[in-house]
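Working notes, structure below.
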Amino acid sequence: MSPLTEKDRPIIQLLLSTGTCPRCVLRFCCVGSQMLYRHPHEELLKDLQKFLRNSHEEEGSVCLDVSNPPCKRLRLEPGEEGASDRNCNVAIPHLPGNICNVCLGVLQEFCEAGFVKKVCQKVNSADYQFISFVFSVSLPPQLSVRERAAWLGVKQNLGLPFPEDDIIQLKEAYKWIIHPQLSEELGVPADGKVFFSAFFFLRHILSLLFLVLDSLFYFTLQSVFTRMAVIKALEKIKEEDFLKHFPCPPSSPKNHCDALEIQCNNGAVFVAGRYNKYSRNLPQTPWIIDGERKLESSVEELISEHLMAQFKADSFNFSSSGREDVDVRTLGNGRPFAIELVNPHRIHFTTEEMRRLQQAINDSSDKIQVRDLQLVTRSAIGRMKEGEEEKTKTYSALIWTDKAIQREDITFLDDIKELKLDQKTPLRVLHRRPLAVRCRLIHTMRSEYIDEHHFRLHLKTQAGTYIKEFVHGDFGRTKPNIGSLLNRTADILELDVESVDVDWPPTLAD
Amino acid sequence: MLDAFTRIQLPLVGAAQPELPRSVGRWIQHSQGEIWFCALVFSAVTLLICVITLAEAHPLLQSGKTIKNINYQISANCSRLQNKVSGKSKRGAQFLTELAPLCRISSSDGEEYTIYSCIRGRLIEVNENILTNPALLQEKPSTEGYIAVVLPKFEESKSITQGLLTQKEYEEVLLKRRSSAS
């Protein structure tokens with residue numbers, strides 16, 4: 001019992017006598033030793049009682065030594081009069097079956113092996129792959145009230161000047177106790193940084209406590225007894241009012257907390273790759289207007305349905321390095337994409353398994369193909385988004401002109417380098433983008449003559465250039481444009497993305 | 001004057017120019033009177049974007065007319081050139097009723113024509129290119145010679161497209177008119 005000092009004695013005495021469990025007593029003594037909390041409940045109780053008894057046996061020496069005012073104060077309290085020994089005896093009948101008036105049993109039965117076993121059974125039955133875990137607990141809001149009452153009780157009765165913040169938080173103490181036990185039972189380390197977490201919700205039926213507090217809370221507590229509402233209300237209520245309306249330390253409860261439910265959650269995993277789109281009738285993401293689907297599938301869905309099934313995830317988020325229109329194909333090495341799989345049950349995949357997964361996606365549709373499919377970290381996805389802004393893209397466009405063209409009419413396009421465009425936000429996207437004039441560069445162009453009214457143009461451009469508008473001019477809102485360069489009316493019939501020049505994700509050997 | 005509207009709708013995907021091969025589904029509306037104005041209506045998802053242009057039948061597009069001046073200052077304290085929009089939601093746009101004048105165009109023969117919005121909605125931009133190059137109005141009336149871009153209210157988008165005529169229907173109306181005039 002080394003961490004306990006003389007100044008703790010009156011606190012221990014007061015709290016034990018009002019039905020506080022030994023671990024809560026340690027918390028109020030601001031004991032920060034994690035090991036101590038892990039001692040069995042009964043042992044702790046015995047130790048505390050021994051600590052008290054020892055002090056009384058040595059009362060002469062110790063009390064004189066310390067001669068702290070709280071002791072005097074304690075003796076002045078009504079009901080606390082008389083021999084200290086008797087107070088001690090009041091504390092001793094504290095039975096393990098009693099529910100703690102501060103934590104409502106959180107640091108008692110919810111720390112026992114039986115409960116840990118039950119939690120682990122639940123977690124195991126949820127069938128997750130995980131390599132470490134964190135156990136979070138949601139406590140009943142009224143515990144804040146009891147915590148405050150206990151602190152005010154100590155402060156009022158003993159006049160101890162330690163701040164409320166020094167008390168070891170109930171949640172913290174609970175994790176100190178429960179984490180090593182869960183870790184052993186689950187066979188993986190507890191680690192706040194990673195992945196798997198189990199949320200555990202405790203509830204306490206609205207006890208007398210709240211009925212008593214009702215009148216006090218009436219003006220301060222707006223709606224329901226949510227945790228935040230209770231904490232806010234506690235901040236507003238003056239200490240004197242609180243002491244007047246509520247027994248401090250709090251009275252013993254009749255019921256302990258109920259374990260409401262356990263929710264398991266695995267941290268998201270990320271899968272990246274590149275996709276090709278070979279259809280001019282396939283949007284990148286589901287195309288839904290007024291709740292009605294325009295086209296039956298999408299790139300996003302064709303890839304994700306396989307991943308969802310394999311990772312057994314709840315949901316997914318698709319992102320990519322830019323996007324193409326529904327009628328634009330993406331050829332070449334494809335467009336980098338990443339998919340976040342939310343709350344996956346399965347997270348371990350070998351290279352071979354990922355290869356098979358990629359094959360399954362490719363076998364299932366001829367509209368898309370996927371390559372370089374791999375597991376990546378969340379932070380690596382930033383590289384893909386950088387590419388969206390900075391990197392170049394190459395396109396191939398089939399162009400029609402109104403007036404006939406000859407081979408030599410279009411060759412000059414090949415000599416144009418770093419052509420600067422002023423692009424007003426295209427009319428076709430104006431409803432969802434701000435109106436602005438954006439400067440974009442066409443790095444190079446290469447023309448391929450087809451016939452008097454058609455030619456193919458290969459372009460290398462800065463990311464974010466609207467190619468369709470560069471061809472037809474968008475009512476003269478993109479300047480210059482192919483029409484103005486050729487001094488004709490031009491329009492675009494087909495567009496393909498030939499490459500998205502982002503060197504992420506890493507290329508994989510086949 | 002109000003009934004003299006022409007409206008054309010273009011598809012969202014593909015060409016902007018009405019005379020191009022991929023352009024289909026242009027709509028034109030009219031009741032009685034002259035059809036002088038044209039709104040190229042882009043159906044962007046369920047929201048419309050309307051580009052206001054002169055219609056084929058407008059006197060300014062008839063041979064022999066020369067444009068002298070285009071004026072976006074429609075009253076002493078209202079100029080369409082001062083229209084500024086910001087953000088996705090196009091805050092600060094001037095609101096136009098169907099009767100709101102966009103600009104006045106005078107021709108060398110002394111006539112002045114007021115160009116009306118035809119569409120209820122917010123003014124997104126006016127075409128400043130026609131100020132420096134008025135010939136665009138006559139050379140490319142339905143593309144680079146447009147007058148303005150108007151964004152109708154979402155809830156009114158549907159009623160704007162209802163009762164529009166297609167390009168073909170418009171041509172039939174013109175034909176009928178010419179034959180009855182002659």
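Chain letters run A, B, ... following the sequence lines, proteins first and then strands; every chain starts at 1.
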Value rounded to 0.5 Å, distance of CG in A:L435 from CG in B:L151
11.0 Å
Using the side-chain contact (heavy atoms from CB on, under 4.5 Å) definition, which of the options A:L430, A:T425, A:L427 pairs with B:I124?
A:L430
For [X], I'd like to know if atom [atom1] has over 12 heavy atoms of other residues, nucleotides or ligands within 6.0 Å.
| X | atom1 | answer |
| --- | --- | --- |
| A:K420 | NZ | no |
| A:N487 | CG | no |
| A:E408 | CD | yes |
| B:K90 | NZ | yes |

For the student: nearest non-hydrogen atoms of B:T143 and A:F475, plus distance:
O-CD2, 3.0 Å
If we ignore hydrogens and angles and just use 3.5 Å, is the side chain of B:K88 paired with the main-chain N or O of A:H431 as donor and acceptor?
no
Option that, when pairs with chain A are counted at under 4.5 Å, heavy atom only, ranks first among B:R91, B:K140, B:E125
B:E125
Is there side-chain contact between B:Y146 and A:R477, with heavy atoms separated by less than 4.5 Å?
yes
